[in-house]
Number of protein chains: 2
Amino acid sequence: MSGSRGRPSPEQPTIADVARHAGVAVSTVSYVLSGKRAISEVTRNRVLASIRLLGYHPHAGARALASRRANVIALVLPLRAGMQVPVVMQFAMAVVTTARRFDHDVLLVTSDEGPAGLRRVAATALVDGVLVMDVELDDARVPLLRELARPGVLIGLPADATGLTCVDLDFHRAGWACVAHLAGLGHRRVALLGAPAAVYDRGTGFAHRTRAGVVEAAAGHGVDAVTLPCEESAVAVRRTLTDLLERHPDVSGLIVQNEAAVDPVLATLPTLGRRVPRDVSVVAVCPDRFAEQAHPMLTAVPVPAEEIGTRAVSLLMGKLDGEAVPEVTLLPPRLTVRDSTAAPAATAKADR
Amino acid sequence: MSGSRGRPSPEQPTIADVARHAGVAVSTVSYVLSGKRAISEVTRNRVLASIRLLGYHPHAGARALASRRANVIALVLPLRAGMQVPVVMQFAMAVVTTARRFDHDVLLVTSDEGPAGLRRVAATALVDGVLVMDVELDDARVPLLRELARPGVLIGLPADATGLTCVDLDFHRAGWACVAHLAGLGHRRVALLGAPAAVYDRGTGFAHRTRAGVVEAAAGHGVDAVTLPCEESAVAVRRTLTDLLERHPDVSGLIVQNEAAVDPVLATLPTLGRRVPRDVSVVAVCPDRFAEQAHPMLTAVPVPAEEIGTRAVSLLMGKLDGEAVPEVTLLPPRLTVRDSTAAPAATAKADR
DNA sequence: ACCGTTCGTCGAAGCGCTTCGACACAGGCG
DNA sequence: CGCCTGTGTCGAAGCGCTTCGACGAACGGT
């Protein structure tokens, strides 16, 4: 009846329609929805019934205008070469899911729009806050983020984090933990197969921090460590690996921080006469999923993409609510021992 | 002067500030910005100067409220298991980039929110239109999309596309083209290594369409075709492949439609005593990037993720402007011959 | 010289919502 | 019994923008 006459197209009902239908003031409906003032049980129910009946949904733009809150956050994603695509996806997934739990939506901004994109979405009040991934040590967006009127959270750790909010895995300690594990097993010579060279070149924090952790831990444990970048294709992995083992045949522990390289590494090693873990131990820094479906299952320090994403959103929501939040949140690495590491063959029995 | 006294914090300037500063009416500023009415050169310049000087950015919410256009589109992404993650990323990338060219932003909605998410963003006028990926043959969102007040475009092809707008690669012809190529080379027995079983089970269009194309083409060319699903891990690939070649040792042509499986397949074949392309020819259905960095480089039907994304956005923009657009847009497959296919060994010389 | 156009600009009326102050009413207190 | 304090509700004033109708000025045709 309501749609058949007088209103040819069933326009979205407005809050005024709801108020009229429920016999209350517009403001009352608003307060029912926001809960910012006490409303009697009976009135609330009447209003809610009308809302349901009319299929009312508040207009996001109007709400944003009046409340100065868009309930949208921006997610700045690195959609470019050399990225660990599945990890990025996991982040995005966790971010969207968590944001929804806080009743927020997520606007996707690509980092190739650069700082301009950030400025735009912030200045137009399209979003209330900003989440930035793939932060470089000396990132152009960092100063911008500091001057922006809207709060932001970084996933990753720039060189100077003062005045910011950052979340990340503690890659430094992750690198350290890998070496410590291998050293504890008796390995004296290890190698880090890292991210693609481009990632180091543009100063991406996690790559550098892991490498530093590996190097320092090696020194601390009296272990020799070679570190080298590694491209993502199977061919490149094979080349890098062949090269490495030719130059350093006594490397018995391999740390792989490149999810795309994990499978090729495991496939290549046997063809070079190295069995895992008998001849070479492999420990990976990658999402648990990869470590578990590899063969053999990999000893690994998982990158907790989910948790980082969730934490980042929670921190951002905190800032939006005016809470004070820590500048740097580094999640402690947890090394999970699986089937790809063992004591080196030569020292296997001498060890204990 | 305007910001130093009376206004402690430098709030965003509004259109009224600009109008005042330029000595014109608010509406004039609006018309300068939208170009919907003629404005004299001199006035326009004065206004633009003020805008730049004050650093004015229109408030997205206010604009959306008044113009009934949010300039945002929703992208519904499948962030779930068994997805071809890199392809999805390529889509997302192309969508965001193209949307920006049309002066729109992209709201990220995960498909695990299901139809409810779609309904929410559409009903609240958060977005003007909707892009849905990973469409299943019998998708719950399809009827919703039809009844929604906002236009939508599907990436993929449901069983019934009437009243919708869909874009996709013509996977049916892609499958056909692969078989035709192999048959032309003289192969009499081919196999399709498809998507993971779960993808077929939930009725994902592209997987079924490719398979149908392969089967029909095989019949048409008098070729035997085996089709089987294939999981994504290297181990699973090896198992599937070993099995296949044991059961059908005379298979000399392999069609791989699973970007994650491409590398493992190439790595495994030699270990089973099959060299590529001498013993087995391989043709892939995957993004060109993968085909080119494989070793040997793969004869392939590329999935033009970029172009599909771009087309989808263009179509959506067309619908937003009230244009009539075609219901189904299927991009023709183009098979690129590279180094992974050749005439089968047995018939190599008899062929010509 | 007059009228009809076109051009450039203005004012005002919303768009749909939130929020502030006001107010009516009901109890509890002294 | 009057006063005060909560409760629950309402009305109205914006939030910053777009858009419609109006209007003065400049201009060409007759």
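Since we're looking at a predicted model, the values are computed, not measured. Each chain gets a letter, A, B and so on, in the order the sequences are listed, and its residues count up from 1.
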Table please: side-chain donor-acceptor pairs of residues 61-74 of chain A below 3.5 Å, with sequence neighbours left out.
unit_1 : atom_1 : unit_2 : atom_2 : d
A/S67  : OG     : A/R63  : O      : 2.6
A/S67  : OG     : A/R69  : N      : 3.3
A/S67  : OG     : A/R69  : O      : 3.4
A/R69  : NH2    : A/D321 : OD1    : 3.4
A/N71  : ND2    : A/D103 : O      : 3.1

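- Taking 4.0 Å as the cutoff to heavy atoms of chain B, we find the contact window on DNA chain C bounded by C/dG8 to C/dG16.
- Not one side-chain nitrogen or oxygen of A/T28 sits closer than 4.0 Å to the OP1 or OP2 atom of D/dT9.
- Nearest-nucleotide positions on DNA chain D place B/Y56 closer to the 5' end than the other of B/Y56 and B/R37.
- Using a distance-only test at 3.5 Å, with no hydrogens or angles considered, no donor-acceptor pair links the side chain of B/R37 to the main chain of B/Y31.
- Looking at heavy-atom distances under 4.0 Å, B/S30 makes contact with a base.
- Backbone-only contact: A/T43 has heavy atoms under 4.0 Å from sugar-phosphate atoms and none from a base.
- Between B/V24 and B/L65, the residue whose closest nucleotide on DNA chain C is further toward the 5' end is B/V24.
- Considering only heavy atoms from C-beta on, B/L77 comes within 4.5 Å of B/L108 through its side chain.
- Base engagement by A/V26 is indicated by at least one non-hydrogen atom pair under 4.0 Å involving a base atom.
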Side-chain atoms of residues 47-56 of chain A: list all donor-acceptor pairs with protein atoms under 3.5 Å, sequence neighbours left out, distances to 0.1 Å.
unit_1 : atom_1 : unit_2 : atom_2 : d
A/S50  : OG     : A/H21  : ND1    : 2.8
A/S50  : OG     : A/R46  : O      : 3.2

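- Residue contacts shown for B/R68 are limited to sugar-phosphate atoms, with no base heavy atom under 4.0 Å away.
- Taking a cutoff of 4.0 Å between a charged side-chain nitrogen and a carboxylate oxygen, B/R119 and B/E113 do not qualify as a salt bridge.
- Taking the nucleotide of DNA chain C with the nearest heavy atom to each of A/I15 and B/R46, the more 5' of the two is matched to B/R46.
- Counting heavy atoms from C-beta outward, A/V142 and A/V132 have side chains that stay 4.5 Å or more apart.
- Within the 4.0 angstrom heavy-atom criterion, base atoms lie near A/S27.
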